[in-house]
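For reference, the structure is listed below as C-alpha cells.
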Amino acid sequence: MLSRRSFLESLGGGLLVLWTLDEQLNGQESGGSHRHGDDERLPQDVAAWLHLSREGVVTVFTGKAEVGQNIRTSLTQAVADELRVQPAAVRLVMGDTARTPWDMGTFGSRTTPQMAPQLRKMAVMMREQLIIVAAQDWHIPPSSVAVRNGSIVDLKSGREKTYGSLASTVDWTKIVGTDGKLSAASDWQCAGKSLPKINASDFVTGKHKFSSDMRRPNMLYGRVLRPAAFNAKLATIDTSAAERMAGVTVVRDADFVGVAAENEWAADQALRRITAKWDERKQISSNELFSFLKANPEEATERSNDRPPAAGGKEMASTYTVAYIAHVPLEPRAAVAEWDADSLTVWTGTQRPFGVRSDLAQAFHLPENRIRVIVPDTGSAYGGKHTGECAMEAARLAKGAGRPVKVVWSREEEFTWAYFRPAGVIEVESVVADDGTIQSWKFDNYNSGPSGLDSPYKLSWTSTRFHETRYPLRQGSYRGLAATANHFARESHIDEIAAALGMDPLAFRLKNLKEDRVRAVLEAAANKFEWSSSKRARGHGYGLACGMEKGSFFACAAEVSVSPERKVRVERVVEAFECGAIVNPEHLQNQVEGAILMGLGGALSEAIRFADGRILNARLSEYPVPRFSDAPAIECVLLDRKDLPSAGAGETPIMGVAPAIANALFQATGVRVRSMPIAPAFGSSNV
Amino acid sequence: MELRVNGHPVTVHAEPDRLLLFVLRNDLDLTGTKYGCGEGQCGACTVLLDGSPVRSCQIKIGAVAGKKVTTIEGVCRGDELHPLQKAFIECDAMQCGYCTPGMIISGIALLEKTAKPSNAQIKEALQGNICRCGTYNRIVAAVNLAATHGEKNHA
C-alpha cells in the first residue's frame with residue numbers, strides 16, 4: 001500500500017501542487033525575468049509573452065496546454081480584444097518549455113481567471129506603446145490617435161500606420177510593468193462571442209499532429225515491460241532472446257526494462273520474448289475498498305464554526321461511497337524523445353510541461369535548460385495527464401538506443417499504470433428543525449479529497465473534516481477533483497432531508513441557500529426544466545443538485561427513467577451555469593455538455609475493479625464509458641455576468657450530474673442509492 | 001503487397017501480421033487514423049475498406065491486399081472539405097479532436113448508404129465510436145447538417 005507521502009514522492013509532488021494551489025500561484029505572481037522559463041516566476045516584460053512581426057502577426061507565448069478545453073481559442077480572443085486585431089492575426093505558441101514562460105500547469109480551471117488577464121495585460125502594454133511611438137512619429141499627442149484593426153490611425157488626418165510597420169521600432173524587452181487597464185467585459189469585441197475552434201480544420205482533416213502522431217528521422221518504436229502487479233519487484237529476467245533480434249535494442253536500468261525497434265510490431269515481438277519473474281505480495285481488492293479506507297486514517301484536517309451545536313430537531317446520518325474511476329483520455333499517454341548529445345527534446349501530451357521537464361532533469365542529472373518539453377494540442381486529459389511517465393520512458397529508450405524513440409501507451413497500460421480519481425467514503429450527519437432550517441451539519445470525507453467542501457447553505461453549526469487515509473491504488477487529479485464526490489454526498493443528503501420533512505427538493509434548497517449566485521442558477525435550471533409544472537411519466541423521476549466551486553456556479557436538473565427490467569436511463573439534463581463574464585458562449589456550452597456526459601459515466605456505471613495489484617477491467621470492453629445511446633437530451637442555461645470576472649469552466653459543470661441522477665432515481669423508485677456508480681448499487685440491468 | 005490508399009496505388013513491405021492501423025500510421029505516415037483501444041471498441045481507427053467502415057486496429061495488413069482503403073486524409077474533395085468535415089466545424093462537434101477522424105469516417109459511411117438518416121440511425125451507426133469529451137449530441141447535429149447540405153447539392 002502507498003502512504004500519502006510515498007505517493008507524493010512517486011508523483012513528483014503533482015498532487016501536492018493541487019492542494020496548495022493558492023500559495024504557489026501567489027509565488028508565481030512576483031518577480032521579473034525572461035521567457036524560456038528557467039525561473040518559476042512570471043516575467044513582466046512584453047517580449048516574454050508577445051511577439052509582433054513586420055507582417056503584423058502577433059505571436060503569443062503561454063505555457064498552458066490545449067487538451068480540448070479550447071483555450072487556444074479563448075486566449076486568442078483575449079489578445080485580439082486588447083490589441084484590437086482580428087483573431088486571424090494572432091498565433092499561440094503553447095506548452096513549449098523552450099519558448100514559453102514558466103507555467104505551473106494546466107489544471108484547476110486557472111487559465112481563464114489567470115492566464116487570460118495576464119495576456120490581456122501584456123496586449124494592453126503593447127497597444128499603448130504602439131500608440132506612443134506612432135504619435136511621436138507624427139509629432140502629435142497620443143490622445144489624437146486611435147487603434148483600429150491592427151493599425152494606429154491619426155484621428156484628424158486619417159493617415160495610418162500598421163502595427164507591423166512599428167514592430168521593430170520598440171525594444172519589447174524594455175516594456176515592463178505599466179499596469180494598463182483591461183477592457184471591461186461589456187466592451188469586449190472579440191471575446192464574448194462564439195469564435196470557432198482556432199485550428200478546427202486540422203482536426204477534421206487529420207492533419208493535426210498529436211504527440212502520438214509525431215515522427216522524427218530515424219525514429220524507433222518503444223515498448224516497456226510492465227510488472228505483473230502493482231508493487232511487484234523484479235526477481236529474475238532473461239532478455240537474451242529479445243537482444244538477439246535484428247534491429248532491437250533492449251534497455252535495462254534497475255526495474256526499468258524496455259525495447260526499441262524499427263516498428264511497433266517488432267517492438268511487440270521483442271517484448272514478448274523477454275521472460276521475467278516478479279515477486280508479488282498480497283494486496284486488497286475493490287470488494288474491501290471502503291472498509292479499508294475507513295480503517296486506515298492517517299491525518300485529518302477540520303474546518304468548523306465556533307457556534308455550539310443546536311439541540312433538537314430531526315437527526316439523520318448517511319454514508320456515501322465513491323469508487324475509483326479512470327480518466328480514459330482517448331489519446332493515451334504518448335511521447336517522442338530525441339537526444340542531441342546531452343540535450344533532450346520530448347514531445348508529449350501532458351498538462352504540466354515544466355513539471356515533466358523538472359522530472360526529466362532530475363532523472364538524467366541534467367540542468368533544465370538542456371531539456372525541452374513540447375506539448376502538441378493533446379487528445380484530452382481531464383486531469384489525468386499531470387505526470388510524465390511516458391516522456392521518461394521514451395527518453396530512457398532513446399538514450400539507450402541512440403536514436404529518437406516514440407512510446408504510446410496501450411489502452412491497457414493507460415488503464416493500469418496511470419492514476420485514478422480517488423475513491424472515498426463520506427459520512428454526513430445532520431440535525432434539521434421542523435421548519436426546515438438546518439441546525440447542524442457534520443461532514444467527514446475519507447480519502448477522496450478536500451475540494452468542494454464549502455457549503456452554499458446556511459448551517460447553524462458545521463464541522464467538515466477531510467481524513468487522509470492509506471489507499472491501495474495510485475491516485476491523483478481528475479476533472480473537478482473530489483468536488484464531485486463531496487457534492488454527491490451533500491446534495492444527496494440535502495435531498496434526503498427534504499424527503500424526510502416532506503418538502504419539495506427545490507423549495508427546501510431555496511429556503512436554505514445562502515449563496516445568491518447558486519440561487520440564481522438553481523432558479524434558472526428549475527425554470528428551464530419546468531420543475532414545478534411538468535408532469536412525470538410513469539417510471540420517471542426528477543432530481544436536482546446545485547453548488548459552487550472554483551469561482552463558478554451550477555445547478556443541474558435530471559430526468560431519469562427506470563424500465564421494468566430495472567434499466568436506468570438519464571433522459572434529460574438541464575444545467576444552468578454561471579462563471580462570470582462568458583468568453584465564448586458556444587465553447588462554454590460545449591464544455592458544459594461534455595461535463596454532463598463525462599459526469600454521467602462516473603455517476604452511473606464507471607468503476608475500476610482490482611485485486612492483488614491487478615486491474616480487473618483494464619479495457620474499454622469491460623469499462624464502459626458513455627456512448628451515443630447514453631447521451632440524454634441536454635439543455636444549458638448560461639448566465640452571462642458581464643459585471644463579474646470570468647472563471648474557468650472545464651471542471652465545475654461535472655459536479656451536479658451524479659447527485660441529480662441519484663435524486664431523480666429516488667423520486668422514480670423510492671430507492672436511495674448512496675454509491676457512485678449508481679447503476680450497480682441499484683441492481684440495474686445496465687451493468 | 002499492393003493496395004489502394006485514398007485512390008493511389010501503394011506498395012507496402014510489411015509483415016503480414018501487422019495491423020492495418022499501424023501500417024497506415026507508421027509506414028505511410030497517414031496519422032489521421034488514431035489508436036484508441038486496440039480492441040475495436042472506440043472507433044478512433046475507423047477507415048473505409050472497399051467503402052465499408054472497419055476498425056483498422058482489428059485487421060491484419062495481409063488481409064487487405066488489393067483492396068481500397070480510404071482514410072480521413074482521403075475524404076476531402078480536392079481542396080474542399082467534405083460536407084461532413086464542414087459540418088463538424090460548424091456544429092463545434094469536437095473538443096480535443098482525437099476521435100474526430102474516426103467519427104467523420106463512420107459518418108461518411110452512413111451518409112453514403114443513407115442520404116437522410118434519422119437521429120436513431122445516426123446514433124446506431126456511430127454507437128461504436130467513443131467521444132470521451134462528450135460531444136455526442138453535436139456530432140448527431142453535424143451528421144444531420146451534412147445530410148441537409150447533401151440534399152441541397154443534389155437538388
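Note on naming: letters A, B, ... go to the chains in the order of the sequence lines (proteins, then strands), and numbering restarts at 1 for each one.
Contacts between A:Q589 and chain B at a heavy-atom distance below 4.5 Å involve backbone atoms as well as side-chain atoms. Contact annotation for A:V328: both backbone and side-chain heavy atoms come within less than 4.5 Å of a heavy atom of chain B. Using a 4.5 Å cut-off between heavy atoms, B:E15 touches chain A through its side chain atoms alone. Only the side chain of B:I104 comes within contact range of chain A, with heavy atoms under 4.5 Å apart. With a threshold of 4.5 angstrom between heavy atoms, B:E39 approaches chain A through side-chain atoms but not through N, CA, C or O. No part of A:S194 comes within reach of chain B, as not one of its non-hydrogen atoms sits under 4.5 angstrom from that chain. Using a 4.5 Å cut-off between heavy atoms, B:K34 contacts chain A through its side chain alone, with no backbone atom that close. Only the side chain of B:C76 comes within less than 4.5 Å of a heavy atom of chain A; its backbone N, CA, C and O stay farther away. Only the side chain of B:L81 has a heavy atom closer than 4.5 Å to any heavy atom of chain A.
Residue with the most contacts toward chain B among A:R215, A:K197, A:E593: A:R215 (heavy-atom pairs, distance under 4.5 Å). Between chain A and the residues B:D17, B:I122, B:V75, B:T71, the largest count of heavy-atom pairs under 4.5 Å involves B:D17. Taking chain A as the reference chain and counting heavy-atom pairs below 4.5 Å, the highest number among B:R18, B:R25, B:M103, B:Q41 is found for B:R18. Of all the listed residues (A:T378, A:D268, A:L330), the one sharing the greatest number of non-hydrogen pairs under 4.5 Å with chain B is A:L330. Per-residue heavy-atom pair counts under 4.5 Å with chain B were compared for A:A631, A:S621, A:S380, A:G206, and the maximum is reached by A:S621. Chosen from A:N590, A:L600, A:D630, the residue pairing most often with chain B at heavy-atom distances under 4.5 Å is A:N590. With chain B as the partner, the residue from A:P632, A:A334, A:G594 showing the most heavy-atom pairs under 4.5 Å is A:G594.
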(request) List the steps, then state whether ring pair (Phe, Tyr, Trp, His ring centres under 6.0 Å) holds for B:Y136 with A:F628. (result) CA-CA 6 Å; B:Y136 293 124; A:F628 275 90; 4.5 Å; yes
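Within residues 410-418 of chain A, the residues having any heavy atom less than 4.5 Å from a heavy atom of chain B are, in residue-number order, A:S410, A:R411. Taking 4.5 Å as the heavy-atom cut-off, the residues of residues 90-102 of chain B that approach chain A are B:D92, B:M94, B:Q95, B:C96, B:G97, B:Y98, B:C99, B:T100, B:P101, ordered by number.
The cationic group of A:R223 does not satisfy the cation-pi geometry with A:W265, failing either the under 6.0 Å distance to the six-membered ring centre or the 45° limit from the ring axis.
With salt bridges taken as basic N to acidic carboxylate O contacts below 4.0 Å, one links B:K86 and B:E80.
One side chain, A:S629 or B:Q127, offers a donor N or O that lies under 3.5 Å from an acceptor on the other. Residues A:N584 and A:N70 have side chains that never bring a donor and an acceptor to within less than 3.5 angstrom of each other. Counted by atom type alone, B:T31 and A:K209 present one or more donor-acceptor pairs between their side chains at under 3.5 Å. One side chain, A:E606 or A:Y623, offers a donor N or O that lies under 3.5 Å from an acceptor on the other. A donor-acceptor pair shorter than 3.5 Å cannot be found between the side chains of B:Q85 and B:R77. Judged purely by distance below 3.5 Å, without hydrogens or angles, the side chains of B:N144 and B:N119 pair a donor atom with an acceptor atom. A side-chain N or O of B:T11 and one of B:E2 form a donor-acceptor pair less than 3.5 Å apart. There is no side-chain donor-acceptor pair under 3.5 Å between B:N6 and B:T70.
For the atom pair CD1 of B:I105 and SG of B:C45, the computed distance is 11.0 Å after rounding to the nearest 0.5 Å.
Using a 4.5 Å heavy-atom threshold, the side chains of B:T46 and B:S56 count as separate. Under the 4.5 Å side-chain criterion, counting only non-hydrogen atoms from C-beta, A:T484 is in contact with A:R421. Between B:C37 and A:R619 there is no side-chain heavy-atom pair separated by less than 4.5 Å. Within the 4.5 Å cutoff, side-chain heavy atoms of B:L21 are placed close to those of B:Y35.
Ring-centre distance between A:H208 and A:F203: below the 6.0 Å cut-off.
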